[in-house]
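Just so you know, these numbers use all the heavy atoms, side chains as well, and skip hydrogens, waters and symmetry mates. As the structure lists them, so they are numbered: ligands from 1, and atoms in each ligand from 1.
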Amino acid sequence: MRATCVKIHLDNLKSNIHQIQSILEKNTKICVPVKANAYGHGIIEIARASVSSGVDYLAVATVNEGKQLRKAGIKCPILILSIPFTDELPELVRLNLIPLVYEPEFINTLDSVAGKLHKKIDVHLKIDTGMGRIGCKPEDSVEIAKHISVKKNLALTGVCTHLAVSDSLSSEDIDFTKKQIALFFSATEEMKKQGINPGIRHCSASGGTLLYPEAHFDMVRPGLIIYGYFPSPESKQIIKKKFPSFDLQPVMELESKITGIKPITKGTSISYGRTWIAENDTWIATIPIGYGDGLSRSLSGKLSVTIKGKKYPVVGRICMDQCMIEIGEDGNPEKHLISLFDEVTIFGPGENMNTAVTLADTLGTIPYEITTLIMPRVTRVYI
Ligand SMILES: *Cc1c(COP(=O)(O)O)cnc(C)c1O
């Protein structure tokens with residue numbers, strides 16, 4: 001196997017799921033989003049481990065992702081969080097996937113596709129309470145729910161929405177979130193009043209799951225926290241105040257091994273563009289990982305990695321397949337400190353280790369992007 005790999009700590013995943021279960025009411029279901037290859041962690045293995053930890057639903061973005069799960073023998077309900085294209089509907093119906101619906105025309109088409117295949121399928125109605133992405137207006141939701149309920153080949157088994165700022169603690173954002181929750185709640189209450197069962201009501205991703213117990217309803221859809229990252233430092237503080245033992249562990253560990261060590265003299269340049277020049281005689285280690293593996297080139301000059309518990313800087317530009325680390329005198333073989341093929345951790349669980357959050361902060365992005373961008377050529381090893 002190649003020296004660069006991603007280790008997926010399934011024990012951490014299971015522990016994160018148990019932590020989340022511990023802050024929910026007993027009957028609240030969990031839906032684990034495994035879209036985008038489970039945020040880069042590996043869709044099948046994450047789905048299996050989640051189901052065996054007692055989660056009720058999985059969610060994907062595309063019909064193809066749903067197909068991967070069904071092919072792997074996963075039988076639980078699977079939500080499709082994005083709107084599929086008409087071409088994909090027969091497959092969606094055959095695979096027994098649950099689409100989010102809200103447009104009358106789409107609902108009609110889906111009903112007739114299901115009818116032609118002699119199947120009745122579950123759908124969840126999506127309401128846009130403020131995300132501005134997909135979903136009907138709250139004031140139209142009862143009518144649309146009725147429209148679904150008269151369709152012979154569709155069963156309305158859930159109603160949902162998505163919160164736009166549930167991870168933020170600014171008072172303006174808290175007001176906005178509470179307004180979204182209230183709009184959602186009153187829409188589902190109005191359905192009940194008019195004799196329509198909204199089924200499973202769900203609206204919380206990670207932020208709502210941690211910070212808004214009143215937004216748990218019948219099911220939550222936490223992604224990021226399942227993979228071991230808090231949506232924000234503030235959300236971590238708040239949940240720890242309420243549940244002191246609540247903790248999350250990163251599931252992903254990005255690792256490589258040293259494939260070269262050499263001494264260089266003061267004035268030697270390293271990598272493309274000669275952006276880094278040794279100020280002293282020193283030692284350089286090379287590792288076979290680069291932006292072709294998903295380690296962003298924008299991290300050049302801004303990243304430290306861990307070898308045997310100690311941090312060392314990546315120097316010079318990160319190349320497509322390799323990058324270099326300044327290990328100083330620790331690289332001197334007489335010291336017996338660092339040798340060829342020693343493990344190098346880019347990020348992962350553990351004290352003083354970079355996590356996807358550290359890298360995201362450096363790059364001005366979010367941890368979702370860091371883990372999702374790890375390329376397929378990096379082997380996932382499940383432990
Ligand atoms: C991705 C997604 C989630 C999970 O979001 P996290 O922030 O990772 O918890 C929940 N609901 C919907 C609709 C999503 O698209």
Side-chain angles (χ1 to χ4, degrees), residues 12-13 16-17 19-21 23-24 28-41 43 46-47 50 55-63 65-66 69 77-84 97-102 123-136 158-169 173 177 180-181 184 200-213 215-236 238-239 246 248 250-252 355-357 360 365-373:
N12 287 356
L13 179 91
N16 296 338
I17 292 173
Q19 292 285 309
I20 294 157
Q21 284 163 338
I23 64 165
L24 298 176
T28 311
K29 295 180 194 301
I30 297 180
C31 169
V32 171
V34 292
K35 59 201 186 191
N37 198 27
Y39 296 30
H41 294 69
I43 184 168
I46 296 296
S50 300
V55 317
D56 307 271
Y57 271 64
L58 296 169
V60 294
T62 69
V63 173
E65 290 173 337
L69 293 174
I78 299 172
L79 290 175
I80 308 281
L81 298 173
S82 302
I83 304 301
L97 306 173
I98 307 172
L100 305 186
V101 301
Y102 66 100
V123 299
H124 287 198
L125 170 61
K126 179 76 178 249
I127 307 175
D128 180 8
T129 56
M131 175 68 184
R133 192 165 61 182
I134 54 171
C136 65
V159 177
C160 61
T161 191
H162 194 50
L163 306 173
V165 282
S166 63
D167 55 345
S168 162
L169 286 153
D173 289 340
T177 302
Q180 282 198 271
I181 297 166
F184 178 65
I200 298 169
R201 297 160 302 163
H202 52 104
C203 72
S204 290
S206 292
T209 302
L210 291 187
L211 302 175
Y212 295 88
H216 290 174
F217 293 98
D218 305 309
M219 182 163 82
V220 292
R221 309 183 303 259
L224 191 68
I225 53 179
I226 296 273
Y227 300 109
Y229 308 103
F230 286 91
S232 60
E234 300 83 8
S235 64
K236 180 174 176 174
I238 288 200
I239 197 77
F246 188 92
L248 301 173
V251 175
M252 183 183 280
T355 71
V357 175
T365 183
I366 49 177
Y368 305 72
E369 194 176 353
I370 302 295
T371 61
T372 304
L373 287 182

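The immediate protein surroundings of ligand 1, defined as residues with any heavy atom under 4.0 Å of it, consist of P33, K35, Y39, L81, R133, H162, A205, S206, R221, P222, G223, L224, Y368.
Scanning all heavy atoms of the two residues, the minimum distance from P250 to N12 falls at O-ND2, 2.9 Å. Shown here for F230 and S235, the closest heavy-atom pair between the two residues is CB-OG, 4.0 Å.
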- T372 vs N37, side-chain contact (heavy atoms from CB on, under 4.5 Å): CA-CA, chis, key distance, verdict: CA-CA 8 Å; T372 304; N37 198 27; over 6 Å; no

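Between the side chain of E65 and the backbone N or O of A36, at least one donor-acceptor pair lies under 3.5 Å.
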Side chains of residues 204-213: which donor-acceptor pairs under 3.5 Å do they make with residues two or more places apart or in other chains?
| residue | atom | partner | partner atom | Å |
| --- | --- | --- | --- | --- |
| S204 | OG | A215 | O | 2.7 |
| S206 | OG | G223 | N | 3.4 |
| S206 | OG | L224 | N | 3.2 |
| S206 | OG | I225 | N | 3.2 |
| T209 | OG1 | A205 | O | 2.7 |

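Atom OH of Y229 sits about 10.5 Å away from atom CG of L248, to the nearest 0.5 Å.
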